[in-house]
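Some notes on the structure that comes next.
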Amino acid sequence: MTRHVAPDHGGRQWWKSSVVSQIYPRSFADSNGDGIGDLPGVTSRLDHLAALGVDVVWLSPVYPSPQDDNGYDVADYCDIDPMFGTLADLDDLAAGLRARGMKLVMDLVFNHTSDEHPWFVESRAATDSARRDWYWWRPARPGTTPGTPGAEPNNWGSVFSGPAWTFDETTGEYYLHLFSRKQPDLNWEHPDVRHALHDVMRFWLDRGVDGFRMDVVNFVSKDPALPDGLVAPGARFGDGSPHFLSGPRIHEFLQELHREVIAPHQRPTMVVGEMPGVTLEDARRFTDPDRREVDMVFQFEHVDLDAGASKWDARPLDLRALKASLSRWQVGLADRGWNSLYWNNHDQPRAVSRFGHDGEHRVMAAKMLATVLHLHRGTPYVYQGEELGLANVAFGHIDDFRDIESRNHYAEALAHGADPAVVLEQLRARSRDNARTPMPWDDSPTGGFGSTRPWIALDPGHRRTNAGAALDDPDSVFHHYRRLIALRRDDPVVVHGDFTLLLADDPQVYAFTRRLDGVELLVLGNFGDDPVEPALPDDAAWTDADVVVGTGSGVSLGPWEGRVLRRVH
Ligand code: NOJ
């Protein structure tokens, strides 16, 4: 049998067969006893990642930052915050990864800087400052008194509650911030801004990093008129997104960045665009290799399916909608482009609580979710702790939360009369802090994270669920992830095979096939508490198929069970 393997453009597309591990450094491992994870901490735990078998580490931001948004507010793009270590520590980490055959991807936050970045400090100093136009400054709305409610230049709301504008006394103008008021948006219309950002990328490439994850990069091109957005019924602010989401010059900007920085670089890189609200049609353009923009996008359609009017209004997931969404992206990016595959990251509640079961079936559900995700076509991402099947945390009080988005939402909702108990319930289900508790390494009082009280509470569940225990247990979620990652490495059908969704209308079973040159995989996942006997078109053909991942045989599934079957035609 001849094996067909899709061309990988002379090794430049190494990321197609890779699995990425995302590290949130402040919550991974604390080496110096200050309660905050750091780079030497990450380096000390690389054997865990090597045992898992991942190929790439994506590091959330470690740059100097006032930490208003845990480092997504950058005050210097070319250094390391002392809280995390030094540039030498970063080099050590990169060397440790290289020694284990892994690559390093840095997180670039280029839509905005910190308000403490020297560029913004200079920009805000005077209306004729040389860097004034590096940010979006506007006078108050005509006919209003600057600095009073409603005088903002337009009606956009910030992602982190409140208006997207802050009044600056020094010059009597407002600056735009789609996120917190300490995250002013850069003005990419200005060529010097783009060139300065290109230099940042060159700095890191020259230092040996292998690629970038680009934070909300589809927000960087804005309609310079910054028009008001539509106000939905009951909403306090207008929706500015039509004026900055995949805005007028976004493709041009990304092509320029590729031409100036990525193409001239000798070693093949991986560039991932984080793109909230991106459409499949746009993602095809962003990831078409011939257009030279980014290698893959991080899209949010599937993790937005259980949201109501806002992310805080959770509603039950309809599995049919999840299947329809993910399979549409599989088909849409089959011939051109490429998918990122993820359930979790540092902005999402834990998937096992959200899409699975975090009670008696937690381990089964975590494994099943992993099986379904990792057998799709694309590059899978494993967010720290996902490989242990970590669940959401039952934070008791608002003071237990650290995340600016969660705290601002609580304050704003209460200011508008919401019941604190109801808002706390929302936070428990949806807060980003669910993903940010310290990584549990062992069952000691500090969970092996560090020697002191961490910056955010450790989940008491670490006594039972921790990396040490998982490594010792051949049936753990960890070893299940390890097997899935090994299967991707060993069987080309996982990377290159085609994708066909089965049982699209079944509300409980996720089923699909992958095929490549006579090899066929059947992937099954039971999203329910009851056993199920899926009515597959040719189930008899699978009765004696090899079980390559999971337990049992054939197509019937126990509660939350997943399985991968393999046959050769
Ligand atoms: C997306 C990041 O993932 C998130 O953590 C951050 O708050 C926003 N972008 C703003 O940078």
Side-chain angles (χ1 to χ4, degrees), residues 22 24-27 36 60-61 65-74 107 109 111-115 156-166 176-185 213 215-219 232 235-241 244-245 274-277 298 300 303-304 306-315 342-351 353-354 383-384 392-416 418 420 422-437 455-457:
Q22 185 197 349
Y24 197 64
R26 54 162 48 240
S27 303
I36 301 170
S60 277
S65 161
Q67 302 288 323
D68 189 52
D69 184 20
N70 287 1
Y72 283 89
D73 47 321
V74 179
D107 205 320
V109 190
N111 175 67
H112 43 267
T113 66
S114 162
D115 66 338
W156 300 359
S158 142
V159 176
F160 293 160
S161 305
W165 296 92
T166 287
L176 176 69
H177 52 88
L178 294 179
F179 295 89
S180 100
R181 56 177 192 80
K182 287 185 69 60
Q183 293 169 298
D185 281 52
R213 174 266 188 191
D215 192 71
V216 293
V217 74
N218 62 328
F219 289 12
R236 280 190 277 280
F237 296 99
D239 173 16
S241 65
F244 64 76
L245 246 183
E274 191 220 14
M275 299 198 180
F298 221 77
F300 291 78
V303 290
D304 287 342
D306 61 350
S310 80
K311 75 173 254 178
W312 305 110
D313 305 311
R315 55 181 187 195
Y342 74 96
W343 294 131
N344 294 277
N345 66 36
H346 63 291
D347 295 329
Q348 302 293 328
R350 293 287 184 177
S353 300
R354 186 180 183 186
Y383 177 70
Q384 65 188 46
N392 280 352
V393 189
F395 293 106
H397 192 268
I398 183 61
D399 293 340
D400 297 335
F401 291 88
R402 299 284 177 272
D403 172 31
I404 181 169
E405 182 190 43
S406 304
R407 294 171 72 106
N408 284 0
H409 169 65
Y410 184 84
E412 192 182 62
L414 262 58
H416 288 84
V422 171
V423 186
L424 264 186
E425 256 327 294
Q426 292 180 330
L427 295 190
R428 279 190 203 108
R430 310 294 281 184
S431 172
R432 308 193 296 181
D433 280 339
N434 282 302
R436 299 177 178 185
T437 53
W455 68 278
I456 187 171

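When a residue number appears, it is its place in the shown sequence, counting from 1. Fair warning: this is a prediction, and the values are worked out from it, not measured in the lab.
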### Query
For the residue pair Val159 and Glu405, what are the closest heavy atoms and their distance?
O-OE2, 4.3 Å

### Query
Mind checking whether Asn434 and Val393 have side chains closer than 4.5 Å, heavy atoms only?
yes

### Query
Going through the distances and angles, do Arg432 and Asp69 end up as a salt bridge (Lys or Arg N to Asp or Glu O under 4.0 Å)?
CA-CA 11 Å; Arg432 308 193 296 181; Asp69 184 20; 3.0 Å; yes

### Task
Would you check if the side chain of Asp73 reaches a backbone N or O of Gln67 as a donor-acceptor pair within less than 3.5 Å?
yes

### Between Ser180 and Asp68, a side-chain donor and acceptor under 3.5 Å
yes

### Query
Can you check whether Trp312 reaches Leu427 side chain to side chain, under 4.5 Å on heavy atoms?
yes

### Query
Which heavy-atom pair separates Pro61 from Gly71 by the least distance, and what is that distance?
CB-O, 3.2 Å

### Heavy-atom closest contact (Gly162 atom, Glu412 atom, distance)
N-OE2, 3.2 Å

### Task
Taking the six-membered ring for Trp and the single ring otherwise, decide whether the centroids of His346 and Tyr72 are under 6.0 Å apart.
yes

#### Entry: Non-hydrogen side-chain atoms of Phe395 and Ser431 separated by less than 4.5 Å
no

### Query
Within 45 degrees of the axis of the six-membered ring of Trp455 and under 6.0 Å from its centre: does Arg26 put its NZ or CZ there?
yes

### Task
Decide yes or no for Glu274 and Phe300: does some side-chain heavy atom of the first lie under 4.5 Å from some side-chain heavy atom of the second?
yes

### Message
Could you report the tightest heavy-atom contact between Thr437 and Ala457, atom names first, then the distance?
### Response
CG2-O, 3.4 Å

### Query
Counting N and O atoms only, with roles assigned by atom type, does the side chain of Arg354 sit under 3.5 Å from a partner on the main chain of Val303, one being a donor and the other an acceptor?
yes

### Query
Salt bridge between Arg430 and Asp347, side-chain N to carboxylate O under 4.0 Å?
no

### Summary
When rounded to the nearest 0.5 Å, the distance separating OG1 of Thr166 from CD of Gln183 is 11.0 Å

### Task
Check His397 against Leu424 and note the closest heavy-atom contact, atom names and distance.
C-CD2, 4.2 Å

### Message
Within this structure, what is the CG-OH distance for the pair Asn408 and Tyr410, rounded to the nearest 0.5 Å?
### Response
13.5 Å

### Query
Between the side chain of Asn111 and the main-chain N/O of Asp185, is any donor-acceptor distance below 3.5 Å?
no

### Query
Does a side-chain heavy-atom distance below 4.5 Å link Val423 with His409?
yes

### Message
Is the shortest side-chain heavy-atom distance between Tyr383 and Gln348 below 4.5 Å?
### Response
no

### Message
Side chains of Arg436 and Arg402, heavy atoms from C-beta outward: is any pair under 4.5 Å?
### Response
no

### Query
Would His177 and Ser158 count as having a side-chain donor-acceptor pair, cut-off 3.5 Å?
no

### Query
Any side-chain heavy atom of Asn344 sitting closer than 4.5 Å to one from Gln384?
no

### Task
Run the salt-bridge test on Asp433 and Arg407 with the 4.0 Å N-O cut-off and return the result as yes or no.
no

### Task
Apply the ring pair (Phe, Tyr, Trp, His ring centres under 6.0 Å) test between Trp156 and each candidate in Phe219, Phe244, Trp165, Phe179; give the one that qualifies.
Phe244

#### Entry: Worked check of side-chain contact (heavy atoms from CB on, under 4.5 Å) between Met275 and Leu245
CA-CA 9 Å; Met275 299 198 180; Leu245 246 183; over 6 Å; no

### Query
Rounded to the nearest 0.5 Å, how far apart are CG of Asn70 and CD1 of Ile404?
9.0 Å

